[in-house]
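Data block below; observations after.
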Amino acid sequence: MGTVKANESFSHTEFILFGFPGISQSRHWLFFPFFFIYLEILVGNFLIIYRIWVEKSLHFPMYSLICLLFAVNISCTTAIVPNMLMGLAFGLDHISLGSCLFQMFFIYTAVILESTVLMIMALDRYLAICRPLRYHNIMNTHLVGQLFLIGLVQSSIFSSPIIIVVSQVHFCRSNIIWNFACENMVLLNLACGDISKIQVVGMMVRILVTATGISLLLVSYLYIFHSTMKIARGKALHKTLHTCSTHLIVVVLNYSCGLSSSILYRIPISVDVQNLFSAIYYLLPATVHPFIYGYRMKEIRMCLLKSWKIL
């Protein structure tokens, strides 16, 4: 009985991040695809941020929001991929509990903030289409900055309960995290004792953020499309629908990746498959966002072509 109590009072403070354990003998080869994906994320996102920054014709709230979305993409992936690459290439996969919790907080804050930016984008399109005469008086760079800061604070507040609760847990089962990043569900698998209440907290935050985001975005874009069909005709209608559908593609991509990853962590499948969908969740949106906006947004596409002296 004394041994059990001693074990329960013990808690690991150092962990090993070991993603894709099913291919442990050849996992170092994963360095190359993940390195090139990360390189593409940095180059693609920074390139469009730079073009919007230097091109005066793009100094409008909608493009400022695209820059903020890309900045969040870079921040979230940078919190994950460099450590992952160091582990794959050099075996530097040790992480302290404090660093693990900070990484978790940073990732979750960035993910929630990304949803907030998408909602501000929906607000921007709503004002531009449904309140065009008041759009420039209401929507400006100052308001975008204020909304972004509010979103950052809100995201931090939503992320904090998960981190605070997890920090109180004793991790006595193992110190090997079967993932390439610190995540709530994976870390709790190492806990001893009853963790059902902690899982409920995590689930409630996830449901609250996801349900709120999807509901607001769905209602916003339905109203936008409905209003557009009534007031716009011809080329104006086509341009408006094209711009809104571009934002909607990004929304569907982000939320479908998040929901898929969340569901797969709660069903009995292999750890490697869970790791793969986590990688898709964190990296796929950031990888394809520059292509979506660079190809579908005419103004951005023209600026990129000019910079490459194609025109």
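Here the structure is a predicted model, which means the values were calculated and not measured.
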Counting the benzene-type ring for Trp, do F291 and Y295 have ring centres under 6.0 Å apart?
no

Between S75 and F106, does the side chain to side chain contact (heavy atoms under 4.5 Å, CB included) criterion hold? Intermediate values first, please.
CA-CA 9 Å; S75 300; F106 195 94; 4.0 Å; yes

Tell me whether L101 shares a hydrophobic cluster with I107, the cluster being built from Ile, Leu, Val, Met, Phe, Trp, Tyr side chains joined at under 4.5 Å.
yes

With hydrophobic residues grouped by side-chain heavy-atom distances under 4.5 Å, do L284 and F36 end up in a single group?
yes

Taking the six-membered ring for Trp and the single ring otherwise, decide whether the centroids of H28 and F90 are under 6.0 Å apart.
no

Are the side chains of L143 and Q146 in touch, meaning some heavy atoms are under 4.5 Å apart?
yes

Once the angle between the rings of H247 and Y293 is folded into 0 to 90°, is it parallel (under 30°), tilted (30 to 60°) or perpendicular (over 60°)?
tilted

Could you tell me the separation between the CZ atom of R134 and the CG atom of N137, rounded to the nearest 0.5 Å?
7.5 Å

Side-chain (S261) to main-chain (C257) donor-acceptor, under 3.5 angstrom:
no

Determine whether S155 and T109 satisfy the following criterion, side chain to side chain donor-acceptor pair (under 3.5 Å), listing intermediate values before the conclusion.
CA-CA 5 Å; S155 303; T109 299; over 6 Å; no

Please give me the minimum heavy-atom distance between R51 and L304, naming the atom from each residue.
CG-CD2, 3.6 Å

Go through the steps to decide whether W53 and C67 satisfy the test side chain to side chain contact (heavy atoms under 4.5 Å, CB included), and finish with yes or no.
CA-CA 9 Å; W53 180 266; C67 285; 6.0 Å; no

Give a yes or no answer on whether the side chain of S256 reaches the backbone of L253 with a donor-acceptor pair at less than 3.5 Å.
yes

Look only at the side chain of R125 and the backbone of C244, and say whether a donor-acceptor pair between them is shorter than 3.5 Å.
no

Centres of the F171 and F15 rings: under 6.0 Å?
yes

Counting distance only, does the side-chain N/O of N179 pair as donor-acceptor with the main-chain N or O of G19 below 3.5 Å?
no

Treating Ile, Leu, Val, Met, Phe, Trp and Tyr as nodes and any side-chain heavy-atom pair under 4.5 angstrom as an edge, say whether L85 and Y282 lie in one connected cluster.
yes

Beyond-backbone contact of L68 with V144, side-chain heavy atoms, under 4.5 angstrom:
yes

Taking the side chain as C-beta and beyond, is there a heavy-atom pair between H289 and N73 under 4.5 Å?
yes

Can you check side chain to side chain contact (heavy atoms under 4.5 Å, CB included) on S115 and I214, steps first, answer last?
CA-CA 9 Å; S115 298; I214 291 176; over 6 Å; no

Drop me the distance from I292's CD1 to I66's CD1, to the nearest 0.5 angstrom.
11.0 Å

Verify, without hydrogens or angle tests, whether N184 (side chain) and I162 (backbone) share a donor-acceptor contact under 3.5 angstrom.
no

Hphob cluster co-occupancy, V54 + I49, side-chain heavy atoms under 4.5 angstrom:
no

Measure the spacing between CE of M62 and CD1 of I120 and express it to the nearest 0.5 Å.
15.0 Å

List in chain and number order the residues that pass side-chain hydrogen bond (donor to acceptor under 3.5 Å, both in side chains) with T78, two or more places apart in sequence or in another chain; answer none if no residue qualifies.
Y38

One pair to check against side chain to side chain donor-acceptor pair (under 3.5 Å): E183 and Y108. What are the steps and the verdict?
CA-CA 9 Å; E183 289 189 349; Y108 290 170; 5.4 Å; no

Taking all heavy atoms of M121 and all of L69, pick out the closest pair and write down the distance.
CE-CD2, 4.0 Å

Using side chain to side chain donor-acceptor pair (under 3.5 Å), reason through S245 and R296 one step at a time and then give a plain yes or no.
CA-CA 9 Å; S245 63; R296 290 183 59 86; 2.7 Å; yes

Any side-chain heavy atom of T287 sitting closer than 4.5 Å to one from T77?
no

Minimum heavy-atom distance I80-A181, with the two atoms named
CG2-CB, 4.0 Å

Output the distance between atom CG (L97) and atom CG (N175), rounded to the nearest 0.5 Å.
11.5 Å

Let's go through V117 and E114 carefully: what are the C-alpha distance in whole Å and the side-chain angles of both, what is the deciding distance for side chain to side chain contact (heavy atoms under 4.5 Å, CB included) to 0.1 Å, and is it a yes or a no?
CA-CA 5 Å; V117 173; E114 188 175 49; 5.8 Å; no

With distance as the sole test, does Q103 use its side chain to make a donor-acceptor pair with the main-chain N or O of A79 at under 3.5 Å?
yes

If every non-hydrogen atom of M139 is compared with every non-hydrogen atom of L127, which pair is closest and at what distance?
SD-CD1, 3.9 Å

Evaluate the ring planes of F180 and F20, with Trp represented by its six-membered ring, and classify them as parallel (under 30°), tilted (30 to 60°) or perpendicular (over 60°).
parallel

Cation-pi, F18 ring and R27 (6.0 angstrom, 45 degrees)
yes

Going from CG on L216 to CG on L118, what distance comes out if it is rounded to the nearest 0.5 angstrom?
12.0 Å

Under a 4.5 Å cut-off applied to non-hydrogen side-chain atoms, are S96 and T13 in contact?
no

Report yes if the side chains of P285 and V250 come closer than 4.5 Å at any heavy-atom pair, otherwise no.
no

In terms of hydrophobic clustering (I, L, V, M, F, W, Y; side-chain heavy atoms under 4.5 Å; direct or indirect links), are V271 and L188 co-clustered?
no

Measure across I95 and C182 and return the closest heavy-atom pair with its distance rounded to 0.1 Å.
CD1-SG, 4.0 Å

Non-hydrogen side-chain atoms of Y63 and E299 separated by less than 4.5 Å:
yes

Which atom names give the shortest non-hydrogen contact between L88 and F31, and what distance separates them?
CD1-N, 3.8 Å

Are there more than 12 heavy atoms of other residues, nucleotides or ligands under 6.0 Å from atom OH of Y135?
yes

Look up atom CG in L217 and atom CD1 in I224, then write down how far apart they are to the nearest 0.5 Å.
9.5 Å

Minimum side-chain heavy-atom gap V111-Y281 below 4.5 Å:
yes

